[in-house]
Structures are given as structure tokens and as C-alpha cells.
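Let me begin by presenting the structure, written as C-alpha cells, before commenting on it.
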Amino acid sequence: MEWFASMPKVELHAHLNGSIRDSTLLELARVLGEKGVIVFSDVEHVIMKSDRSLHEVFKLFDLIHVLTTDHATVTRITQEVVEDFASENIVYLELRTTPKRNESIGMSKRSYMDAVVEGLRAVSAVDVDFASRSTDVRRPVNTKNMNDACNGTRGKKIYVRLLLSIDRRETTEAAMETVKLALEMRDLGVVGIDLSGNPTKGEWTTFLPALKFAREQGLQITLHCGEIPNKEEIQSMLDFLPQRIGHACCFEEEEWRKLKSSKIPVEICLTSNIRTETISSLDIHHFVDLYKAQHPLVLCTDDSGVFSTSVSREYDLAASAFSLGRREMFQLAKSAVKFIFANGRVKEDLKEIFDLAEKKLD
Ligand code: 6MZ
């Protein structure tokens with residue numbers, strides 16, 4: 001575990017409100033309890049519960065959103081989440097979040113996202129590179145400041161890029177608003193769009209116009225795909241050829257074939273899949289087949305807070321469950337650089353970071 005923590009890693013599937021520290025959620029719940037908005041004792045056990053069905057996870061998100069939806073809290077959780085990932089040597093984080101409107105407190109989707117960006121600016125524990133530069137001109141990587149892999153020194157710099165999530169409960173118009181916001185915020189590090197939310201809700205066709213528009217405008221797209229069985233939707237999603245997909249749990253033969261021939265990279269979230277019982281046990285997890293087929297893969301947390309995990313833990317879990325050695329795990333981490341949504345300049349910097357770390361492997 002320690003070794004995986006010290007190794008540089010990339011995190012490409014992390015939902016902001018799913019990655020909050022338990023201690024922060026409890027503190028927020030206590031404050032709302034004191035104000036009489038919620039009954040603290042009712043929510044404490046919901047927050048601390050460790051195994052939840054997929055259905056319960058989405059009920060928990062509704063509670064978390066009650067606790068976090070004001071600007072100052074959004075800023076705070078963003079700062080903490082970035083600091084937590086940086087502390088386990090994540091060198092590049094693609095953080096996704098659903099822009100929220102809450103008229104009663106004067107929150108628009110834009111002001112929600114501004115609060116997220118404020119959180120990136122507030123990080124002081126590490127140097128955060130978050131704003132996309134329009135050019136691909138590279139600055140030399142400062143090897144002194146860089147994460148020094150495999151020798152236990154803590155991360156000093158993290159690249160962060162943002163994905164705006166469309167929630168499956170949203171309308172076509174709301175999804176389009178999110179895409180337009182993403183375009184407006186490109187200079188603030190927004191690189192793409194995610195489609196997520198309760199997979200039992202909504203229709204793929206509702207989001208298609210907004211996703212097509214996003215693609216036309218050059219945004220990158222990742223879709224939650226196949227969290228529950230839904231052959232028609234899975235096939236349509238694969239036909240859309242997103243840049244990446246998340247989960248891919250409930251595929252059948254035909255979908256596996258389509259996926260493999262398309263080479264769409266898959267964001268794999270082991271603990272999330274097991275905890276929500278979308279996959280019954282690790283020994284039958286599709287990671288094995290995809291890894292053997294050399295299909296593009298990246299290990300991710302999904303919701304490190306909700307599932308009490310970390311990227312290092314996911315690497316440790318995969319290494320022991322699938323009997324993979326350190327070198328293989330390192331290569332898996334390094335290969336993820338190919339699938340990031342940031343520009344070529346960032347890719348080159350990351351490649352340099354991994355190359356340097358590789359030289360230090362025993
Ligand atoms: C689908 C998920 C998810 O956007 O408020 N989300 N959607 N499947 C999952 N697997 C368990 N985990 C999280 O973060 C929370 C939101 O992310 C999506 C849900 O829409 C959830 O409400 P943000 O920051």
C-alpha cells in the first residue's frame with residue numbers, strides 16, 4: 001500500500017461530492033443539525049455506513065448535496081479533495097462535478113463552478129496547475145518540485161482539470177446549459193463532459209443533443225456506461241464513440257466485442273463496483289479480461305469518500321486480486337497518461353514525471 005502511495009498516479013474518475021472526507025461530512029451535518037435543517041442522529045449512521053447498494057448510494061448523494069450546496073462549502077470540499085489526492089501522489093486529477101442551481105441561496109450553475117475554481121485556488125499544500133493554456137508550449141518540469149516517486153516524498157505539484165457532469169435526471173435544456181458552461185470555462189481548466197447519475201433514471205436520447213454539441217465544439221466526453229443491464233443504451237453509447245467510458249459492468253458478448261474493437265479506454269472502479277454489487281466479486285471482474293486483451297484501462301476511485309478508498313488502495317487491491325507485480329502496476333499507472341483529456345503540453349510533462357520515476361524502480 002505504501003509503495004503504491006509513493007508511486008505517481010493519475011486519477012480520471014472522481015466525483016467531487018463523492019470524494020469528501022467523512023470528518024467534513026459529519027462536521028457539516030452537525031452544523032445543519034444545530035440549525036434544525038436536519039436531525040444529526042438520523043444522518044450520522046447514513047454517512048458512516050460502509051456497504052451500500054447502488055440505490056442507497058444515490059440516496060446518500062441527495063443527502064450529501066443538502067450538506068454541501070453553498071458556495072463556501074463547495075470551495076472547501078474542492079480544496080480538501082485536491083489536497084487528499086495530492087497527498088497520495090496523484091500527479092494529474094480529472095475532477096468531475098455536476099454544476100448545481102439553487103435559487104434560494106443565489107446559486108447558478110456558473111457560480112457553483114466558480115466556487116469549485118475558488119477551491120482549486122485555495123489549495124496551498126501543493127502547487128496546483130489547473131488553468132488550461134491556449135498554447136501547447138511546454139514549461140520545463142521542475143524536477144525538484146515534482147512528485148518524487150517511490151522514495152516517499154510527498155507530492156508538490158498536481159495538475160487538475162475539470163469535467164462537468166450532466167445528471168441523468170436533467171432535461172435536454174439543462175444538459176445543454178452545462179455544455180455551454182463548460183465551453184465558457186475552458187480557460188479555467190474545464191476539458192470535458194461526463195454523463196452520470198442514477199443509471200435507472202433518464203433516457204440516453206435526452207442527453208444526446210447536448211453531447212453531440214459538446215463534441216462538435218471540441219470538448220472531450222466520458223460516459224457512465226453499463227452500470228446496470230441496458231443493452232440498447234450500452235450499444236448506443238459505444239456507437240457514439242466517447243473518448244472514455246466509466247464502469248462497463250453489465251456488458252454482454254456483443255458489447256465486449258464492440259468495446260474492444262473501438263479501443264475506448266475504460267475507467268475501472270473496483271471498490272465501487274463491489275460495494276454497489278454491480279459486480280459480485282473481484283475474481284469475475286472484467287478488469288482481468290480487458291487487461292489480458294491489452295485494452296486501454298485506468299484504475300480510479302469513483303467516490304473515494306463514499307466508498308472509503310483511495311487511488312493507492314485501488315492499485316493495492318488490483319495488485320493482490322489479480323496477482324500483478326509492482327512493475328506491471330507502474331506501467332498501468334503510466335499508460336493512463338495517454339487517456340487524459342488535457343492537452344499535449346500536460347501529457348509531455350506527465351510522461352517526463354513517469355519516466356523519471358521509472359528510472360528509480362528497483
Ligand atoms: C453514476 C455517480 C456515481 O457531481 O455532485 N455519481 N453516477 N454512478 C456512480 N457510481 C456509484 N457516483 C457519483 O458528485 C456526486 C454525483 O456524481 C454522480 C451522481 O450524479 C452524484 O449525485 P457531484 O460532485
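As the structure lists them, so they are numbered: ligands from 1, and atoms in each ligand from 1.
Of the N or O atoms in Thr98, one or more lie within a sub-3.5 Å distance of an N or O in ligand 1. For ligand 1, one of its N or O atoms has an N or O atom of Asp303 under 3.5 Å away. Considering backbone and side-chain N/O atoms, Gly197 comes within less than 3.5 Å of an N/O atom of ligand 1. The N/O atoms of Ser165, backbone and side chain alike, include none that comes under 3.5 Å of an N/O atom in ligand 1. Close N/O approach between His65 and ligand 1 is found [any backbone or side-chain N/O within under 3.5 Å].
Counting heavy atoms under 4.0 Å from ligand 1, residue Asn198 does not touch it at all.
Residue Leu16 approaches ligand 1 through these ligand atoms, each under 4.0 Å from one of its heavy atoms: 24 (O). Short contacts between ligand 1 and Asp167, defined as distances under 4.0 Å to a heavy atom of the residue, involve ligand atoms 20 (O). Close approach of ligand 1 to Asn17 (heavy-atom distance below 4.0 Å) involves ligand atoms 5 (O), 14 (O), 15 (C), 23 (P), 24 (O). Those atoms of ligand 1 with a heavy atom of His224 less than 4.0 angstrom away are 1 (C), 7 (N), 8 (N). Short contacts between ligand 1 and Thr97, defined as distances under 4.0 Å to a heavy atom of the residue, involve ligand atoms 4 (O), 23 (P), 24 (O).
A centroid separation of less than 6.0 Å is found between the aromatic rings of Trp204 and Phe240. A distance of 6.0 Å or more separates the ring centres of Tyr159 and Phe130. In summary, the aromatic rings of His295 and His286 are positioned with their centroids too far apart to meet the 6.0 Å limit.
By the 6.0 Å contact criterion, NZ on Lys231 is enclosed, its count of non-hydrogen atoms from other residues, nucleotides or ligands being greater than 12. For Lys347, the NZ atom sits in a packed shell: over 12 heavy atoms of surrounding residues, nucleotides or ligands are nearer than 6.0 Å.
In this model, no donor atom of one side chain and acceptor atom of the other lie less than 3.5 Å apart for Tyr112 and Thr69. Neither side chain, Thr222 nor Gln243, offers a donor N or O lying under 3.5 Å from an acceptor on the other. For the residue pair Asp303 and His15, no side-chain donor N or O sits within less than 3.5 Å of a side-chain acceptor on the partner.
Distances from atom 8 (N) of ligand 1 to the heavy atoms of His15, Glu227, Arg168 show the closest one on Glu227.
Closest to atom 11 (C) of ligand 1, if we only count protein heavy atoms, is Asp302 OD2, 3.4 Å.
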| task | Given side chain to side chain contact (heavy atoms under 4.5 Å, CB included), test Leu241 with Arg215 step by step and report yes or no. | result | CA-CA 10 Å; Leu241 292 177; Arg215 161 175 291 167; 4.3 Å; yes
